[in-house]
Amino acid sequence: MTRHVLLNNIDHQNTRVIHYFGPEFGDNLHSALVFPTEFTELQKEYPILLRKDDPQGSYQAVALLGFAAAENLYLNDQHATGWDARYIPASIEKGPFLIGFQRSMGMQDEMPNAVVHMDMDHPKVSTEQGQQLFLSQGGNSPYLEHISARLETIHQGTALAPVFYKALEQLELVEPVTIEFALHNSEKIRLLGNYCINEQRLATLPADALAKLQHSGFLALIYAMVFSMGNIRHLIERKNNSLRQQQKL
């Protein structure tokens, strides 16, 4: 169940949000939807892959968090936030918050304004613990300002994503990738259905195509995707360390 309400400093002066990540809050996801507006930060921590829910549909980008269902290898209860990485994907960090749109009264012909909504039934919403949303004098808390920035990342990324992915397709820069490896206990892992950047094709793009990508800001995003693939090795190390810890128990 969800119960979305418009956030305001009167009704929600005493509302708090638990800024902690764990299985009990539904954060044990093996991948997270991500947006081009956060690729440069994501590539420092996670593999960024493309997927298609429908073969005829459009691409979506995901950050790979684990290799099995309900496996998030970045969750770690030894960390203050429960998350062992310097950057948390915006789609997860936003928690109970989401962007809504409303028009000013009597301004039906104008574009609606983006406003912050909150799911009051979300497990991280509390009145007893967590981050304060509003200051005593009514202004936004630093936490709410941070979350508002994460929502803006999602909002802008949602608009940018189809344009970016279309450019990748037009230049034939996307190719299927099979991720296959063996764990230290000899268990074999094989992931299908993912796509990545075709580095050979990228290296042979004509100068005018590269110039257009550079001008649009897309070239940096493409290289962020390429560089992010090195994080698969780190993710495998996390998986092996997790298995070793389980064996000690």
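Here the structure is a predicted model, which is why all the values come from computation and not from measurement.
The CD atom of E237 lies 10.5 Å from the CG atom of N231; values are rounded to the nearest 0.5 Å. The structure places OH of Y74 at 4.5 Å from CG of L235, a figure rounded to the nearest 0.5 Å. Here H79 contributes atom NE2 and Y20 contributes atom OH; the two are 10.0 Å apart, rounded to the nearest 0.5 Å. Rounding to the nearest 0.5 angstrom, the gap separating the CD1 atom in I18 from the CD atom in E24 is 8.5 Å. With values rounded to the nearest 0.5 angstrom, D119 atom CG is found 8.0 Å from R3 atom CZ. How far CG of L50 is from SG of C196: 8.5 Å, rounded to the nearest 0.5 Å.
The side-chain heavy atoms of L75 and P23, taken from C-beta on, include a pair separated by under 4.5 Å. With contacts defined as side-chain heavy-atom distances shorter than 4.5 Å, the pair K94/L151 qualifies. Two residues are said to be in side-chain contact when any heavy atoms from C-beta on lie closer than 4.5 Å; I197 and L168 meet this criterion. In this structure, the side chains of K239 and E71 come closer than 4.5 Å at one or more pairs of heavy atoms. Two residues are said to be in side-chain contact when any heavy atoms from C-beta on lie closer than 4.5 Å; P176 and N194 fail this criterion. L64 is not listed as a side-chain neighbour of Y46, based on a closest heavy-atom distance of 4.5 Å or more. In this structure, V116 and I99 have side chains that are not in contact, with every pair of non-hydrogen atoms separated by 4.5 Å or more. Residues V115 and L7 are not in side-chain contact: their nearest non-hydrogen atoms beyond the backbone lie 4.5 Å or more apart.
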Point to revise | From CA spacing to verdict: side chain to side chain contact (heavy atoms under 4.5 Å, CB included), L49, M229 | key: CA-CA 8 Å; L49 299 165; M229 296 300 285; 3.7 Å; yes
Practice item. Run the numbers on M118 and H4 for side chain to side chain contact (heavy atoms under 4.5 Å, CB included), then give the verdict. Key: CA-CA 5 Å; M118 184 167 63; H4 296 165; over 6 Å; no
Practice item. Take M225 and I222, measure what side chain to side chain contact (heavy atoms under 4.5 Å, CB included) needs, and give me the verdict at the end. Key: CA-CA 5 Å; M225 294 179 66; I222 290 169; 5.6 Å; no
Exercise for review: Kindly indicate, with the supporting measurements, whether the criterion side chain to side chain contact (heavy atoms under 4.5 Å, CB included) is fulfilled by L65 and I92.
Suggested key: CA-CA 12 Å; L65 308 177; I92 291 180; 3.9 Å; yes
Review point. Could you go step by step and tell me if F164 and Y59 meet the ring-ring contact (aromatic ring centres under 6.0 Å, His included) rule?
Key: CA-CA 10 Å; F164 175 57; Y59 288 107; over 10 Å; no
Listing, residues 198-221 side-chain donor-acceptor contacts under 3.5 Å, not counting sequence neighbours, or none:
unit_1 : atom_1 : unit_2 : atom_2 : d
N198   : OD1    : Q200   : N      : 3.1
N198   : OD1    : R201   : N      : 2.9
N198   : ND2    : E175   : OE1    : 3.4
R201   : NE     : L171   : O      : 2.8
R201   : NH2    : L171   : O      : 3.2
T204   : OG1    : Q200   : O      : 3.2
T204   : OG1    : R201   : O      : 3.1
S216   : OG     : K212   : O      : 3.2
S216   : OG     : L213   : O      : 3.0
S216   : OG     : F218   : N      : 3.3

Side-chain donor/acceptor pairs under 3.5 Å, residues 184-193, sequence neighbours excluded:
unit_1 : atom_1 : unit_2 : atom_2 : d
N185   : OD1    : E187   : N      : 3.0
R190   : NE     : E180   : OE2    : 3.4

For residues 135-147, which side-chain N or O atoms pair as donor and acceptor with protein atoms under 3.5 Å away, sequence neighbours left out?
unit_1 : atom_1 : unit_2 : atom_2 : d
N140   : ND2    : E145   : OE2    : 3.3
S141   : OG     : Q132   : O      : 2.6
S141   : OG     : L133   : O      : 3.1
S141   : OG     : Y143   : N      : 3.4
S141   : OG     : L144   : N      : 3.1
H146   : NE2    : E93    : OE1    : 3.4
H146   : NE2    : E93    : OE2    : 2.9

Can you give the donor-acceptor pairs under 3.5 Å from side chains of residues 26-37 to other protein atoms, not counting sequence neighbours?
unit_1 : atom_1 : unit_2 : atom_2 : d
D27    : OD2    : G22    : N      : 3.1
D27    : OD2    : K124   : NZ     : 3.1
S31    : OG     : R51    : NH1    : 3.0
T37    : OG1    : T153   : O      : 2.7

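With hydrogens and angles ignored, the 3.5 Å screen pairs a side-chain donor or acceptor of H12 with a backbone N or O of N8.
For the pair R16 and E128, the salt-bridge criterion is not met [side-chain N within less than 4.0 Å of a carboxylate O].
Under the side chain to side chain contact (heavy atoms under 4.5 Å, CB included) criterion, T81 pairs with H19, F21, W83, not counting sequence neighbours. E41 meets the side chain to side chain contact (heavy atoms under 4.5 Å, CB included) test with K44, Y87; sequence neighbours excluded.
Of all the heavy atoms in E45 and A85, the pair that sits closest is OE1-CB, 3.7 Å. Closest heavy-atom contact between G57 and K52: O-CE, 3.2 Å.
Following chains of ILVMFWY side-chain contacts shorter than 4.5 Å, one can reach V226 starting from Y195, so the two form part of one hydrophobic cluster. Under the 4.5 Å side-chain contact rule for hydrophobic residues, L160 and V174 share a cluster. In the hydrophobic clustering of this structure, F67 groups with L243; members are Ile, Leu, Val, Met, Phe, Trp, Tyr whose side-chain heavy atoms approach within less than 4.5 Å, directly or through other members.
No donor-acceptor contact under 3.5 angstrom links the side chains of R238 and N241, judged on distance only.
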